[in-house]
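Here's the structure, in structure tokens; my notes come after.
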2 protein chains.
Amino acid sequence: MARDDKRELLLQATLELVAKQGFHGAPCAAIAEQAGVATGTIYRYFENKDVLIVALYAELESRITTRLMEGYVADRPICDRFMHLAMGVLDYFITHPLEFKYIEQFHNSPYGTDFRRDKLLGNTESSDSSCKCDIYKRLFTEGVELQVIKDLPMPVLFDLAFGPVVSVARNHILGFIQLDDLLIQQIARACWDSLKRHE
Amino acid sequence: MARDDKRELLLQATLELVAKQGFHGAPCAAIAEQAGVATGTIYRYFENKDVLIVALYAELESRITTRLMEGYVADRPICDRFMHLAMGVLDYFITHPLEFKYIEQFHNSPYGTDFRRDKLLGNTESSDSSCKCDIYKRLFTEGVELQVIKDLPMPVLFDLAFGPVVSVARNHILGFIQLDDLLIQQIARACWDSLKRHE
DNA sequence: CAAAAATGAATGATCGTTCATTCATTACGC
DNA sequence: GCGTAATGAATGAACGATCATTCATTTTTG
């Protein structure tokens, strides 16, 4: 078996176990078993468990960003671009429930807190302009300047746009609601309503 | 020392440790030390640690509901009542950061998942009409009937209203933004914009 | 066959929980 | 009122279970 294959198997096993049972249900022994390797093998591909956890998170972020950039046309109207991004994120989450659950678990754990802190402080690699946050940030900045988006602090605009999207995705995946294309569009539109400046 | 005092000390110690360091940072030994009692004493007031965790959550929910009902006038316009509730929740969260953090930790843990599942299934005590959810549910139902709120599934309306509120509260408490009365009002208004039916 | 990869039993640390013991308080006998 | 017995709250050392990590050994590869 090629070297990268086993690394991939370990990442996939971690994704499934953490998404389905949380970090408590994903000890190293279980991850190894799910991947079909021995416990010790984990340490040939990752320095320790924390490195594995963070590496998987980075991989998932990268996948979403790649998907979001597909079909994104930078010179469309602000509203159209926002709808594309909001519906894209929502669609990605509900078609990849395991990835969504993992990301949620990660954010609400010591891993996520440390990760955020690191991003705020020594943000040396923020020159990566393909970051999902940057796409939104530029869109919102432009919208505020053109006076089509409310003049609120950038993090607040993020919360207005993402807060409902994440909540709705969670409720869909847990089976409390059933999202379809029409509903997704209505939700993205409602988020836009909260961002849009009053005429 | 009166019996209830030690129970209260244990609840307070659990609140502080879990809020500040997560469940990982709140072993029974640490909770007891913070409360100024011995480890074993916990088991005189609570059957086990899970019971303690859930009891604290129920206590916090009760406190918020009590606060929210203060000054709530049922025959005001839909918009006014929504603004009162949204601003009230946001204000409570940012003035009680430990309680907010604990509730977030609880929701994103096996405890929270089980709690939700129990509420969905054997919901025998749902006759408690003072439940926070019920206040909102009745407000939204009335709003949809009067055609001032969008005709979307009830859980989606919850997500549109609560998603941004929770996100914003978290970012304020983590120090990423600084909320004041004006900003709180603007955010509640933005949430209302996402709920409001288009003319 | 030599080097690299994989193995999984062993290790040490940490956790929730238990329980024999201590000790302050209360109730009782005289 | 005083000495003694009974009570049960409080204690914290000890236990068993679980975890991440290590490493001597075996297996695979080239």
Side-chain angles (χ1 to χ4, degrees), chain A residues 1-59 102 105-106 108-115, chain B residues 1-59 102 105-106 108-115:
Chain A
M1 185 181 299
R3 176 176 171 83
D4 282 354
D5 282 352
K6 254 173 197 170
R7 198 187 125 94
E8 199 52 47
L9 281 174
L10 284 167
L11 287 172
Q12 181 65 25
T14 305
L15 172 64
E16 291 179 13
L17 284 176
V18 172
K20 289 174 181 167
Q21 319 188 44
F23 285 109
H24 290 273
C28 289
I31 291 174
E33 189 189 12
Q34 172 91 8
V37 302
T39 315
T41 306
I42 292 175
Y43 294 85
R44 291 206 57 79
Y45 295 91
F46 303 95
E47 190 185 334
N48 55 45
K49 195 187 181 184
D50 285 9
V51 169
L52 164 62
I53 297 294
V54 173
L56 176 55
Y57 177 78
E59 163 70 19
Y102 183 89
Q105 298 269 0
F106 184 88
N108 295 287
S109 74
Y111 298 113
T113 306
D114 295 349
F115 196 79
Chain B
M1 185 182 301
R3 175 176 169 85
D4 283 354
D5 281 352
K6 257 176 196 168
R7 200 187 122 93
E8 199 52 49
L9 282 175
L10 284 168
L11 287 173
Q12 181 65 26
T14 305
L15 171 65
E16 291 180 14
L17 285 177
V18 172
K20 289 175 181 166
Q21 319 189 44
F23 286 109
H24 289 274
C28 289
I31 290 174
E33 190 190 12
Q34 172 91 7
V37 303
T39 314
T41 306
I42 292 175
Y43 295 85
R44 291 209 59 79
Y45 295 91
F46 303 94
E47 190 186 333
N48 55 45
K49 195 187 181 184
D50 285 9
V51 169
L52 164 61
I53 298 293
V54 173
L56 176 53
Y57 178 78
E59 162 72 18
Y102 183 88
Q105 298 271 359
F106 183 87
N108 295 287
S109 73
Y111 298 113
T113 306
D114 296 348
F115 196 79

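Here is the naming used below: chain letters follow the sequence lines, and residue numbers restart at 1 for every chain.
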Interatomic distance where [atom1] belongs to [X] and [atom2] belongs to [N] [whole Å]:
X      : N       : atom1 : atom2 : result
F46(A) : dT21(D) : CZ    : C1'   : 16 Å
H24(B) : dT18(D) : NE2   : P     : 17 Å
I53(A) : dC19(D) : CD1   : P     : 14 Å
L10(A) : dA6(C)  : CG    : C1'   : 12 Å
K49(B) : dT18(D) : NZ    : C1'   : 14 Å
I42(B) : dG16(C) : CD1   : P     : 8 Å
I31(A) : dC19(D) : CD1   : C1'   : 12 Å
E33(A) : dT7(C)  : CD    : P     : 13 Å

Please determine whether a side-chain nitrogen or oxygen atom of [X] lies at a distance below 4.0 Å from atom OP1 or OP2 of [N].
X      : N       : value
K6(A)  : dA6(C)  : yes
Y43(B) : dA10(D) : no
Y45(A) : dA6(C)  : yes

If you check every side-chain atom of [X], which of [options] has the closest atom?
X      : options                   : result
N48(A) : dT11(D), dT17(C), dT21(D) : dT21(D)
V37(A) : dT11(D), dT7(C), dA20(D)  : dT7(C)
T41(A) : dT17(C), dG8(C), dA6(C)   : dA6(C)
C28(A) : dA20(D), dT18(C), dA6(C)  : dA20(D)
P27(A) : dT11(D), dG8(C), dC19(D)  : dC19(D)

So [Y] and [X], do their side chains get closer than 4.5 Å, heavy atoms only?
X      : Y      : answer
N48(B) : I42(B) : no
L11(B) : E8(B)  : yes
F46(B) : R7(B)  : yes

Exercise for review: Might you confirm whether atom CD of E59(A) has over 12 heavy atoms from other residues, nucleotides or ligands at distances under 6.0 Å?
Suggested key: yes
Review point. Near DNA chain D, under 4.0 Å by heavy atom, which residues of residues 13-22 of chain A?
Key: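 Nothing qualifies; none.
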Point to revise | Positive for side-chain contact (heavy atoms from CB on, under 4.5 Å) with L10(B), one of L15(B), V37(B), L56(B) | key: V37(B)
**Study point:** Parallel, tilted or perpendicular, as decided by the 30° and 60° cut-offs, for the rings of F106(B) and Y57(B)
**Key:** parallel
Practice item. Examine distances only and state if a side-chain atom of D50(B) and a backbone atom of I53(B) form a donor-acceptor pair shorter than 3.5 Å. Key: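 Answer holds: no.
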